[in-house]
Amino acid sequence: MSFLIDNFVELTVTGLVLGAVYGLVALGYTLVYGVLQLINFAHSEVWMFGSFAAVWVTVALGVAPGSALPIVIGVLLLALLAAMTVSGGVALLLERVAYRRLIRLDAPKLVALISAIGASFALAELMGLRDRVAGWLGLRDTLDPYVRSARDNTRFRNPLETEGVFSVGGYTVTNVDIIIIVSAILMMVALDQFIRRTRTGRGIRAVAQDSEAAALMGVNRNRVIRATFLVGGIMAGAAALLYLMRFGVTRWNAGFLLGVKAFTAAVLGGIGNVRGALLGGFVLGLAENYGSALIGSEWRDVVAFLLLVVILLFRPTGLLGESLGRARA
Amino acid sequence: MLLEVEGLCVNYGRIEAIRDITFSVEQGSVVTLIGANGAGKTTTLKTLSGLRKVRAGSVRFQGRDVTHMASHERVPLGISQSPEGRRIFPGMSVVENLDMGAYARADRAKTRSADLERVFGLFPRLLERRDQAAGTMSGGEQQMLAIGRALMSHPTLLLLDEPSMGLAPKLIQQIFSIIKEIREQGTTILLVEQNAAQALKIADSAYILETGEIVRTGTGRELAADDSVRAAYLGGDV
């Protein structure tokens, strides 16, 4: 108990940082669920591919930590762009390969879920075997910095050095903490406005509320589905870079646990609810941190999933309850 | 002819929902399809909007074959529908619902205020509720919204599915007089109704559907005066 009290500020800030990442990834689950009532199980791999894109950009540019600020910002923006592009692309590819035909045929949701699980394993293994793939293509040497030790942790060298900004309650809040929390909230606000104000956003809401009525309004459902996957993917890409800035490593199978956690955050906030995703992320991040401070960090995942079970028992629709469709957002 | 339906067959799985129906709708008229529950009226309208797959037959709109066209492509051509059960977007406000009605129009921003004014002119009630969440409104208000929303796309042909269902008699009168007004403003209407008496009163021509087939045709007046029709669909007296 005293550990929790002594380190309360640190646990809170790092909990929010973790929660911001969960929340951004959770958006992908929640958006697709809102439109298709389908869990895109392979969304974790969308995030994972984005994280590698970010790492590879920094490797390619070879900028050392401590460079001039404009260079650092430039590199980070390029990494962000690469991560969002790759994640968005993988999400679109998933829609095309793993789902589109099943959706057209109106296949049972369980079939789509199995297809998603298969796609998830395939994508993860593809990344874990990227050295072999490069070998077949005869590019093993050229691509060495990118495919070396494919099944181990891959480090991200953050060009931005972590610096303390201000101290509160015995913890020094860093520039990276602030960047992560603020960007997650900004992206959330941007997405909220996109869904509320743009034509595509209205189309997404309409399909989520009543897909047949949306078709009667002239909404092209297939286009809306693609837009939903793309937007979710872009958010996951941003989350990937933010994650790397704080935690520094990724891995071919790192998507799995993060994906399950982000899915938990989505359910916690109310699946299908965009604002609920970020709230669920923050709640989950904080609960994990406080919980592991209380009973030991090896219990972190137990705390996270116990929280999920308890919330679902008492509030089956999640914290904010309403779905993307019903909510006035 | 604005709309020509020929030999249309639609199945739900192996069940034939409509079988070889042929009818047409003339520009500027009100045409009604009446019949009992399960006769295939709603299926017909859904098929005209592209929500159901056609097994056989054809649908021509303004001379153009639209039999297999996707739903969302039919709206810009001028086919709009106020569906059975209203199907308004419950989480959106009245104005947002109306904006959804104009979704398919490229020049919607230019005509938006005039279009909203027209709908609020027909349904002053909606103006009072303009920022209310549509899902919290009464059935009658939702019905007005569903019709108003369908008008926002500037349809040439308006499909109305059971606009009087579940409404109080006074409100039913009101809805039917508004349907007449919409026709006078130049929109052709295909009306599906269980309230046959009211529907026949305003219809230029009418078709009676029974278990997926058209069994009678005539002008609204003829059918309303026909003894067997009165017995079967009008509950004796009108």
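Keep in mind the model is a prediction, meaning the values are calculated, not measured. Chain letters run A, B, ... following the sequence lines, proteins first and then strands; every chain starts at 1.
Neither the backbone nor the side chain of B/Arg105 comes within less than 4.5 Å of any heavy atom of chain A. Using a 4.5 Å cut-off between heavy atoms, B/Asp99 contacts chain A through its side chain alone, with no backbone atom that close.
Few gaps surround CG on A/Leu313; more than 12 heavy atoms of other groups in view lie less than 6.0 Å from it. By the 6.0 Å contact criterion, CZ on A/Phe314 is open, its count of non-hydrogen atoms from other residues, nucleotides or ligands being 12 or less. Enclosure of atom CZ in A/Arg96 is not indicated, since only 12 or fewer non-hydrogen atoms of other residues, nucleotides or ligands lie within 6.0 angstrom. For B/Lys180, the NZ atom sits in a loose shell: 12 or fewer heavy atoms of surrounding residues, nucleotides or ligands are nearer than 6.0 Å. The number of heavy atoms from other shown groups lying within 6.0 Å of CD (B/Glu4) is above 12.
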Trace of the side-chain contact (heavy atoms from CB on, under 4.5 Å) decision for B/Arg108 with A/Arg199 = CA-CA 11 Å; B/Arg108 64 189 173 284; A/Arg199 180 165 183 267; 2.7 Å; yes
CA sep, side-chain torsions, deciding dist, call: A/Asn220, B/Glu73, side-chain contact (heavy atoms from CB on, under 4.5 Å) = CA-CA 8 Å; A/Asn220 181 344; B/Glu73 291 169 338; over 6 Å; no
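Counting heavy atoms from C-beta outward, A/Met217 and B/Arg149 have side chains that approach closer than 4.5 Å. Contact of the A/Gln209 side chain with the B/Pro90 side chain is registered, since non-hydrogen atoms from C-beta on lie closer than 4.5 Å. For the pair B/Leu51/A/Glu212, a side-chain contact is recorded, criterion being any heavy-atom separation below 4.5 Å from C-beta on. With a 4.5 Å cut-off on side-chain heavy atoms, B/Ser71 and A/Leu216 do not count as touching.
The residues A/Arg196 and B/Glu96 are annotated as not salt-bridged, no charged nitrogen and carboxylate oxygen being separated by less than 4.0 angstrom.
Considering every non-hydrogen atom in both B/Met92 and A/Arg202, the closest pair reads CE-O, 4.0 Å.
Seen from the ring of B/Phe89, A/Arg205 does not count as a face-on cation partner, given the 6.0 Å and 45° thresholds.
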